[in-house]
Enquirer: 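Questions regarding the structure given below will be posed in turn.
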Amino acid sequence: MTTLEIWTDGACKGNPGPGGWGVLMIYGAHRKEMCGGLPLTTNNQMELTAVIRALEAIRRPCPVRLHLDSSYVRDGITGWIYGWKKKGWKTAGGSPVKNVELWQKLDQLVTDYKAKAQIEWVWVKGHAGDPGNERADELANEGVLKAQIGQQ
């Protein structure tokens, strides 16, 4: 079975400030690009939103290799989230998890998807020449521009 390759990225001009998210999906010969943004957000919120939008866009279950340059998202979804859920969405220090609504949405999408197919989380160094990551970054910056002119 063909693996769906996904690259995601988030961008923010100011933190908080106008932000954007970008997604590149490649399945065999098929390619899909998406982007969007918000007028007031953070970089981490846009990184999470990019992954959420990518998973929401999958039409049928297949193996997924998701490339992202956000250690925050990768480490959160593959490790930290288990402790957060056990502690009622609190961090190890007892404070509320930031961006909890986005984390809960991502957790539900991943849980639902993993019941059907595998997701492989691949960290890539940002701005280091990975073509998929570079395109996702361009799309995220397009999302920022959309947010700045009110086209979310």
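Residues: numbered from 1 along the sequence shown. Computed from heavy atoms alone, side chains included, the values below leave out hydrogens, waters and symmetry copies.
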Enquirer: So which heavy atom on Gly37 is nearest to which on Ala147, and how close?
Expert: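 Scanning both residues, the minimum pair turns out to be C-CB, 3.8 Å.
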Enquirer: State, with a plain yes or no, whether a side-chain heavy atom of Ile58 is found less than 4.5 Å away from one of Leu4.
Expert: yes
Enquirer: Taking side chain to side chain donor-acceptor pair (under 3.5 Å) as the test, write out the residues that go with Glu142, two or more places apart.
Expert: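 None.
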Enquirer: By the ring pair (Phe, Tyr, Trp, His ring centres under 6.0 Å) test, which pairs, at least two apart or in different chains, include something from residues 26-62?
Expert: none
Enquirer: Do Leu24 and Leu145 sit in one hydrophobic cluster, given that two such residues count as connected whenever their side-chain heavy atoms are within less than 4.5 Å of each other, even indirectly?
Expert: no
Enquirer: Give me the atom names and distance for the closest heavy-atom approach of Met25 to Ala54.
Expert: CE-O, 3.6 Å
Enquirer: What pairs of residues pass the ring pair (Phe, Tyr, Trp, His ring centres under 6.0 Å) test when at least one of them lies in residues 51-74, not counting sequence neighbours?
Expert: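 Residue pairs with at least one partner in residues 51-74: Trp7-His67, Tyr72-Trp103.
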Enquirer: Extract all donor-acceptor atom pairs below 3.5 Å that involve side chains of residues 39-53 and protein atoms in other chains or at least two apart in sequence.
Expert:
unit_1: Thr41; atom_1: OG1; unit_2: Gln45; atom_2: OE1; d: 2.7
unit_1: Thr42; atom_1: OG1; unit_2: Gln45; atom_2: N; d: 3.1
unit_1: Thr42; atom_1: OG1; unit_2: Gln45; atom_2: OE1; d: 3.4
unit_1: Gln45; atom_1: OE1; unit_2: Thr42; atom_2: N; d: 3.0
unit_1: Gln45; atom_1: NE2; unit_2: Asn99; atom_2: OD1; d: 3.0
unit_1: Glu47; atom_1: OE1; unit_2: Gly10; atom_2: N; d: 3.3
unit_1: Thr49; atom_1: OG1; unit_2: Gln45; atom_2: O; d: 2.8
unit_1: Arg53; atom_1: NH1; unit_2: Glu56; atom_2: OE1; d: 3.2

Enquirer: Between Asn141 and Lys13, do the side chains contain an N or O donor and an N or O acceptor separated by less than 3.5 Å?
Expert: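 Yes, Lys13 and Asn141 have a side-chain donor paired with an acceptor closer than 3.5 Å.
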Enquirer: Write down the atom of Ile81, the atom of Ile77, and the distance for their closest heavy-atom approach.
Expert: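 Closest approach of Ile81 to Ile77, heavy atoms only: CG2-O, 3.7 Å.
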Enquirer: Taking transitive links into account, so neighbours of neighbours count too, which hydrophobic residues share a cluster with Val122 at under 4.5 Å side-chain distance?
Expert: Val124
Enquirer: Under the side chain to side chain donor-acceptor pair (under 3.5 Å) test, which residues partner Trp123, sequence neighbours left out?
Expert: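 Here the qualifying residues are Ser71.
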Enquirer: Could I get the full list of side chain to side chain donor-acceptor pair (under 3.5 Å) partners for Gln108, not counting sequence neighbours?
Expert: Asp112
Enquirer: Please round to the nearest 0.5 Å and tell me the distance separating atom CD of Glu101 and atom NZ of Lys105.
Expert: 12.5 Å
Enquirer: Can you pull out every side chain to side chain donor-acceptor pair (under 3.5 Å) where at least one residue sits in residues 78-90? Sequence neighbours excluded, please.
Expert: Lys85-Asp107
Enquirer: Checking Glu33 now: which residues fulfil side chain to side chain donor-acceptor pair (under 3.5 Å) with it, not counting sequence neighbours?
Expert: Arg31, Arg135
Enquirer: Applying salt bridge (charged side-chain N to carboxylate O under 4.0 Å, His left out), which residue pairs with at least one partner in residues 64-74 are found, sequence neighbours left out?
Expert: Glu5-Arg65, Arg65-Glu120
Enquirer: Minimum heavy-atom separation for Leu139 to Gly22, with atom names?
Expert: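 The pair with the smallest heavy-atom distance is CB-CA, 3.7 Å.
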Enquirer: Could you see if Ile6 belongs to whatever hydrophobic cluster contains Ile26? Use Ile, Leu, Val, Met, Phe, Trp, Tyr and a side-chain cutoff under 4.5 Å.
Expert: no
Enquirer: So if you build clusters from Ile, Leu, Val, Met, Phe, Trp, Tyr with side-chain heavy-atom gaps below 4.5 Å, do Met34 and Val144 land together?
Expert: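 Met34 and Val144: separate clusters.
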Enquirer: I need the minimum non-hydrogen distance between Gly14 and Cys12, along with the two atoms involved.
Expert: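 Nearest heavy atoms, Gly14 then Cys12: O-SG, 2.8 Å.
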Enquirer: So which heavy atom on Ala117 is nearest to which on Cys62, and how close?
Expert: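 Heavy atoms only, the tightest pair is CB-O, 3.3 Å.
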Enquirer: Please name all residues satisfying ring-ring contact (aromatic ring centres under 6.0 Å, His included) with Tyr113, sequence neighbours left out, ordered by chain then number.
Expert: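 Listed in chain order: nothing, the list is empty.
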Enquirer: Under the salt bridge (charged side-chain N to carboxylate O under 4.0 Å, His left out) definition, can you give me all pairs with a residue in residues 91-100, not counting sequence neighbours?
Expert: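 Passing the test, one end in residues 91-100: no pairs.
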